[in-house]
Amino acid sequence: MIQIMPHGSFVFGSGLRLAAVPALTVVEVRTVGGGGGGVRTVPWVHVVPEQGALPVDLLLPDTGRTYAVRLDGREMRDTDAVFLQFYDRLKLPDHFGWNWNALLDCLRDLDWLLPADRYVLVLEAADEALPDDADTRRLLFRTLLRAGRRWAGTRRSDGLDLSRLVIVMSCAAASVPDLREQLRLCWDETVPSP
């Protein structure tokens with residue numbers, strides 16, 4: 001359940017708040033070539049500590065409908081449990097194939113879901129997903145990054161870049177740097193070097 005608070009925040013049942021405070025944003029990606037390299041962020045993925053907050057502007061369009069769904073990493077003990085979470089919580093179509101390519105296809109084509117201008121996927125306890133299978137956890141993260149990349153590139157009237165699919169990953173505060181690094185490495189594996 002999402003509750004809209006009078007001061008412009010969203011509060012998710014677990015205590016993750018979306019408010020007008022600085023974001024603990026995203027995955028920083030090292031780039032090489034072109035302009036001499038640098039750091040850029042992936043604007044559709046946000047990593048926040050439990051009880052953390054994000055600016056509402058990063059998640060909501062100027063106008064229109066937003067569809068938000070919460071997933072729980074603590075319940076994602078194996079691949080089947082991951083697919084079950086997505087199937088149940090996102091209401092995946094009956095033709096979902098229960099494999100990684102099928103999940104990616106569903107996330108890249110959201111026509112089967114309620115029509116919305118923006119989709120927000122919150123993965124709570126992301127650091128606890130697939131605890132005994134680091135390879136499959138990387139596959140999950142790469143799938144989410146690839147899906148978000150598919151929806152990237154929306155620009156609001158005020159110039160802020162948005163994505164139609166935003167992924168918020170919450171985790172224990174001590175796990176934030178490690179989770180960001182895992183996502184950065186997954187991004188490097190997902191996007192070919194120039």
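Position 1 is the first residue of the sequence, and the numbers go up from there.
The two residues Ala147 and Leu104 come nearest to each other via the heavy atoms N-CD1, 3.7 Å. Residues Val176 and Val48 share a closest heavy-atom pair of CG2-C, 4.2 Å. Across all their heavy atoms, Thr190 and Arg146 have their closest contact at CG2-CG, 3.1 Å. Contact between Leu183 and Met169 at its shortest, heavy atoms only, is CD1-SD, 3.7 Å. Of all non-hydrogen atoms in Leu113 and Leu90, the two that sit nearest each other are CD1-O, 3.3 Å. Closest approach of Leu179 to Cys171, counting heavy atoms only: CD2-SG, 3.8 Å.
Proximity of the aromatic rings of Trp187 and Phe141 is defined here by a centroid distance below 6.0 angstrom, and this criterion is not met.
Within the model, atoms CG of Leu92 and CG of Leu110 stand 9.5 Å from one another, a figure rounded to the nearest 0.5 Å. Here Asp72 contributes atom CG and Leu123 contributes atom CG; the two are 8.0 Å apart, rounded to the nearest 0.5 Å. To the nearest 0.5 angstrom, Thr79 atom OG1 is 12.5 Å from Leu84 atom CG. Atoms CZ and CZ, from Arg149 and Arg108 in turn, are 10.0 Å apart once rounded to the nearest 0.5 Å. Taking CG of Leu121 as the reference point, atom OH of Tyr67 lies at 10.0 Å (rounded to 0.5 Å). Considering CD1 of Ile167 and CG of Leu144, their distance stands at 4.5 Å, rounded to 0.5 Å.
The side-chain contact (heavy atoms from CB on, under 4.5 Å) test applied to Asp109 returns Asp111, not counting sequence neighbours. Scored by the side-chain contact (heavy atoms from CB on, under 4.5 Å) test, Asp80 finds Asp78 as partners (sequence neighbours excluded). Considering only residues two or more places apart in sequence or on other chains, Asp135 meets the salt bridge (charged side-chain N to carboxylate O under 4.0 Å, His left out) condition with Arg138. In this structure, the side-chain contact (heavy atoms from CB on, under 4.5 Å) partners of Pro93, at least two apart in sequence or on a different chain, are His95, Cys106, Trp112. Applying the side-chain contact (heavy atoms from CB on, under 4.5 Å) criterion to Ala172, with sequence neighbours excluded, gives Asp127, Ser175.
Ring orientation note: the planes of Phe83 and Phe96 are nearly perpendicular, at an angle over 60° on the 30°/60° scale. By the 30° and 60° cut-offs, the orientation of the rings of Tyr119 relative to Trp151 is tilted.
Taking the side chain as every heavy atom from C-beta outward, Val82 and Leu130 approach each other to under 4.5 Å. Side-chain atoms of Met76 and Leu71, non-hydrogen and from C-beta on, do get closer than 4.5 Å to each other.
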Inset, instruction - Would you sort out whether Val166 and His46 count as a side-chain contact (heavy atoms from CB on, under 4.5 Å), showing the intermediate values? - result: CA-CA 8 Å; Val166 177; His46 304 275; 3.6 Å; yes
Inset, instruction - Could you check Leu145 against Val45 for side-chain contact (heavy atoms from CB on, under 4.5 Å), going step by step and ending with a plain yes or no? - result: CA-CA 8 Å; Leu145 287 165; Val45 179; 3.6 Å; yes
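The residues Arg184 and Asp188 are annotated as salt-bridged, a charged nitrogen and a carboxylate oxygen being separated by less than 4.0 angstrom.
Residue pairs meeting the salt bridge (charged side-chain N to carboxylate O under 4.0 Å, His left out) criterion with at least one member in residues 88-103, sequence neighbours excluded, are Glu75-Arg89.
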